[in-house]
Engineer: 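Take this structure first; my questions come after.
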Amino acid sequence: MSMIPNLAPALGEIILAIGAMALLIAAVVLKNLTVSKLNKASAMLILIALLPVLLWQGGTEVTFGGSFIQDGFAVFMKTIVMLAAAAALLMSSQYLKLKGIKALEFPILMVLATLGMMMMISASTLLSLYMGLELQSLSLYVLAAINRNRDRSIEAGLKYFVLGAVSSGILLYGISLVYGFTGTIVFADLAGLLAANSSNIGLIIGMVFILAGLAFKISAVPFHMWTPDVYEGAPTPVTAFFAAAPKVAAMALMMRVTITTFPALVGDWQMILTFLAVASMVLGAFAALVQTNIKRLMAYSSIGHIGYALVGLAAGTAAGVEGVLIYMAIYATMTLGTFACILSMRDDEGMTEKIADLAGLSRTRPALALALAIFMFSLAGIPTMAGFFGKWFVFKAAVDAGLYTLAVIGVVTSVVAAYYYLRIVKLMYFDEPAPDFAPVTDLPKRYIIAITAALNSPLSLVFIGLLVSAAVYAAGSFFPS
Amino acid sequence: MADFPILSVLLLIPILGALIILPIRSAEETGNRNIRQVALLTTLATLIISMLLLGNFNNSLAGFQFVEFYPWFGGDTGFHLGVDGISILFVLLTAFLMPFCILASWKSIQVRVKEYMIAFLLLETLMIGVFTSLDLFLFYIFFEGGLIPMFLIIGVWGGARRVYASFKFFLFTLLGSVFMLIAILYMYAQVGTTNIPVMMAYDFLPEAQTWLWLGFFASFAVKLPMWPVHTWLPDAHVEAPTAGSVILAGILLKLGGYGFLRFSLPMFPIASSELAVIIFGLSLIAIVYTSLVALAQEDMKKLIAYSSVAHMGFVTIGIFVVNTQGIEGAIFQMLSHGIVSAALFLIVGVVYDRLHTREIARYGGLVNNMPRYAVVFMIFTLAAVGLPGTSGFVGEVLVLFGAYQASTWLAVIAATGVVLGATYMLYLYRRICFGPLDKPDLLNLKDLDKREFLIFAPLVAVVIWMGIYPSFFLDVMHASVAELIANYEAALGGIAAVGQ
């Protein structure tokens, strides 16, 4: 065995790690560097690092002594995460400028968080899982509190940190139990051991703790308490990033742990996931009904959407994994697009987050209103919009697997949720105009809104075929035929 | 002609029209005029193509014609289109009513004309898509997709309580449809495809059929609408702009009846025969109860809305007695009601545009200064009542014949609906057109102008044509209906044979 591990599978991560260091040095050395320039450079860096990921031809390959795995699944998830991160970076410049946030560490922390997520997605031991998760989480704690002059931002960061630390503790405790009872932390070995003997109660407790820790990261009910406060308190571009990328990465981890590591315990985790899914869908639908702040609304909306994605995972089949992959990809575009629209809501006094301010937007800003309406219908899962396809595939998997009750609860809550998405459309299209927003001159944000809106619009009827075949390929790495 | 993708063209023309409208500036009046003209031309082009479709349709074949298939993702899910003797008539109905919607909105819609016309054109594509799709997945997309433009049409251009009405419409229909979605997913899992002809040939387990039937029933009963889930309809009708009411009554309500014919009967024959009792019960309640409710209405549109629920009661009875007269009567009744109720809403729209009220008590004696209007109104009133020689008669009589074969009581109770229908329609007509012309604001009302007269002339012609020469339409559906009934009876017979 060679002393130097095979670096090719981790090329994207390596580029990102080195690039982040270089940017950090540049931020310290270069005197006239602004945040928006550094944002652009960081987004470029992420897109460059995306190239080796997209061009990966090696099938499934394990390196670094079995702790890092690159496969079709990882490529799919990393692509979503990296595109989401780049988009979040590009649309944050104008906000940071307006708010007077000059912290150059903002883009660098975003890059490091992205790196953490990529490592999470590629983790194939419990240790690398934890490493990736912590790199991501620590960066995100700081990002939530990056607006140091605002109490709400600091509160959000602190709250996120304290609760996040507890969940990491729970996760770590679960890992130690699993290691204690089996003597291994490698996913593949664990799966093999469990296939031989899966009746160990200590092991099941360990798995439950691990799942609880991960459920915190995807903010599934009842581990969701931090989400609305952090979403509301954190600077909006950070919230956009929170809503899209870390959820996708944590969901990837959840899938890898349940499907490839604990397939022998499917009966046990299926129960847990079903509960998480039902609780998230119900709470997400009902709690959002009374929100007046659009960021809080999106927080509950994201809780609900994680519930739908978990429906697919609870099925535990190849179709279920495909469903979750499709769902998360579409979810990322809807969320990013919506937040890009929220970032365009600016009145004279600064950024506004009140839902009521959207009144009559279709008259004052028809293009923005149209885009936001597309996102709302897509989030509600109404056909001809992309969001419907996500629901179709996860519910199909649930029905295939015989989880009828879960599917029925899912579709009924989606009707409840439709109400609050429609409420936003109603405000924009049926009501008399509120005072106009200042125009958004920021070009990248416009492009992001236009692209994500097009992806979610009925044009998705054309794109969906591509996404499905990519998801089928990606899910194939879990279910070799 | 055989290889020409006529159905795709039919679906694409309205979209093309919407794309042409999109860049036109609707700020000034010339722009609005151009928008209206493009929309009208688009709908007329669609109508002509759909007539070509009927011209090339072979009446003697029972199966699907003009079939197109473009693969989409995985398996044989795809853009699978085709029409048979049942669906082609609904395509024609859609294409026929659309130009009237555009014409009816010519003057009454003055704000956001561009968005309005785009919404209608997209709605046309979606509705034609519902009737032509041969893939359940595609069907569901078109079926549900129609909610979005209709929601906007009611909510943006509607009346005072438009927000309430549009939300009620959207959420009621969505809640019904998601149960159908679960049923569709189950069927997909069982059969392994969403291909409708394949599913029609598949024998679902009798126990499963009941649940699947109920899932589809939830959706179609709301859409049709059947008592007691009809409450969204009067609200939606009252608040929608005239053309919105026309589309609702003329086409959207027909989706439910079409769905029963296309899915419930052929795919779940056993459940259909077992659960037909539910349908009969609800339909009879609808016929008698909503007719009585219609009698008490003070608002013209509400009255017509309740009468729609009653008329749809005939349709569901006709469908689920499953004999030739019943089903053909039901289809004919749907077509006739589509045109007659659309015309009645246009008639209400005429006076609403002048007086901006729909309260019946505000009118009276219009025959004195609006003679042309009174004549047109009378023709459609009689058609709604089911006078021989109008289209309404054929449908009701065929349904009653069919119902009589199934059960005398069913036919007798349903027949009371005809009497009640005559009562509330003639009562409405008397209150609006007859009596003294003594209300000061009615004195200056102008009779139908040229544009309005042009709208009603073809509708009158078609209603009388359908009443005098119904065979033209019945011939188109004969073969498909016969096969539907043959398959249905074969499926029931097969079960009976196994049971013995």
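Below, read A as the first sequence line, B as the second, and so on, with proteins coming before strands; counting in each chain starts at 1.
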Engineer: What part of B/Tyr186 is in contact with chain A, defined as an atom under 4.5 angstrom from a non-hydrogen atom: side chain, backbone, both or neither?
Structural biologist: both
Engineer: Checking side-chain contact (heavy atoms from CB on, under 4.5 Å) for the pair B/Leu171/A/Leu422: CA distance, chi angles, key distance, verdict?
Structural biologist: CA-CA 10 Å; B/Leu171 295 176; A/Leu422 286 183; 4.2 Å; yes
Engineer: Against chain A, work out which of B/Val163, B/Ile148, B/Leu174, B/Leu175 has the most heavy-atom pairs shorter than 4.5 Å and name it.
Structural biologist: B/Ile148
Engineer: For chain B, find which of A/Val412, A/Val472, A/Leu461 contributes the most heavy-atom pairs closer than 4.5 angstrom.
Structural biologist: A/Leu461
Engineer: Checking A/Val416 against chain B: side chain, backbone, both or neither under 4.5 Å from a heavy atom?
Structural biologist: neither
Engineer: Nearest 0.5 angstrom please: A/Met385 CE to B/Glu144 CD, how far?
Structural biologist: 12.5 Å
Engineer: If you count the non-hydrogen atoms of other residues, nucleotides and ligands that lie under 6.0 Å from OH in A/Tyr404, is the total more than 12?
Structural biologist: yes
Engineer: Name the region of A/Leu467, side chain, backbone, both or neither, that has any atom closer than 4.5 Å to a heavy atom of chain B.
Structural biologist: neither
Engineer: Could you state the interatomic distance from NZ (A/Lys426) to CZ (B/Phe151), rounded to the nearest 0.5 Å?
Structural biologist: 9.5 Å
Engineer: May I ask you to decide if the ring planes of B/Phe137 and A/Phe388 are parallel, tilted or perpendicular, using 30° and 60° as cut-offs?
Structural biologist: parallel
Engineer: Count the heavy-atom pairs under 4.5 Å between each of A/Tyr419, A/Phe430, A/Tyr429 and chain B, then report the option with the highest count.
Structural biologist: A/Phe430
Engineer: Once you round to the nearest 0.5 Å, how far does CG of B/Leu185 lie from CH2 of A/Trp392?
Structural biologist: 5.0 Å
Engineer: Is there a side-chain contact between A/Phe377 and B/Leu147, using heavy atoms and a 4.5 Å cut-off?
Structural biologist: no
Engineer: Is it true that atom CZ of A/Phe478 has more than 12 heavy atoms of other residues, nucleotides or ligands lying nearer than 6.0 Å?
Structural biologist: yes
Engineer: More than 12 heavy atoms of other residues, nucleotides or ligands under 6.0 Å from CZ of A/Phe286: yes or no?
Structural biologist: no
Engineer: Drop me the distance from A/Phe389's CZ to B/Ile141's CD1, to the nearest 0.5 angstrom.
Structural biologist: 4.0 Å
Engineer: Are B/Phe142 and A/Thr384 close enough that some pair of their side-chain heavy atoms sits under 4.5 Å apart?
Structural biologist: no
Engineer: Taking side chain as everything from C-beta outward and backbone as N, CA, C, O, which of these in B/Ser177 sits under 4.5 Å from a heavy atom of chain A? Side chain, backbone, both or neither.
Structural biologist: neither
Engineer: Between OG of A/Ser362 and CD of B/Glu115, what distance do you get to the nearest 0.5 Å?
Structural biologist: 7.0 Å
Engineer: Tell me, for B/Tyr140 versus chain A, whether the close heavy atoms (under 4.5 Å) come from the side chain, the backbone, both or neither.
Structural biologist: both
Engineer: Answer yes or no on whether A/Lys396 is positioned over the face of B/Tyr188, meaning its NZ or CZ is under 6.0 Å from the six-membered ring centre and within 45° of the axis.
Structural biologist: yes
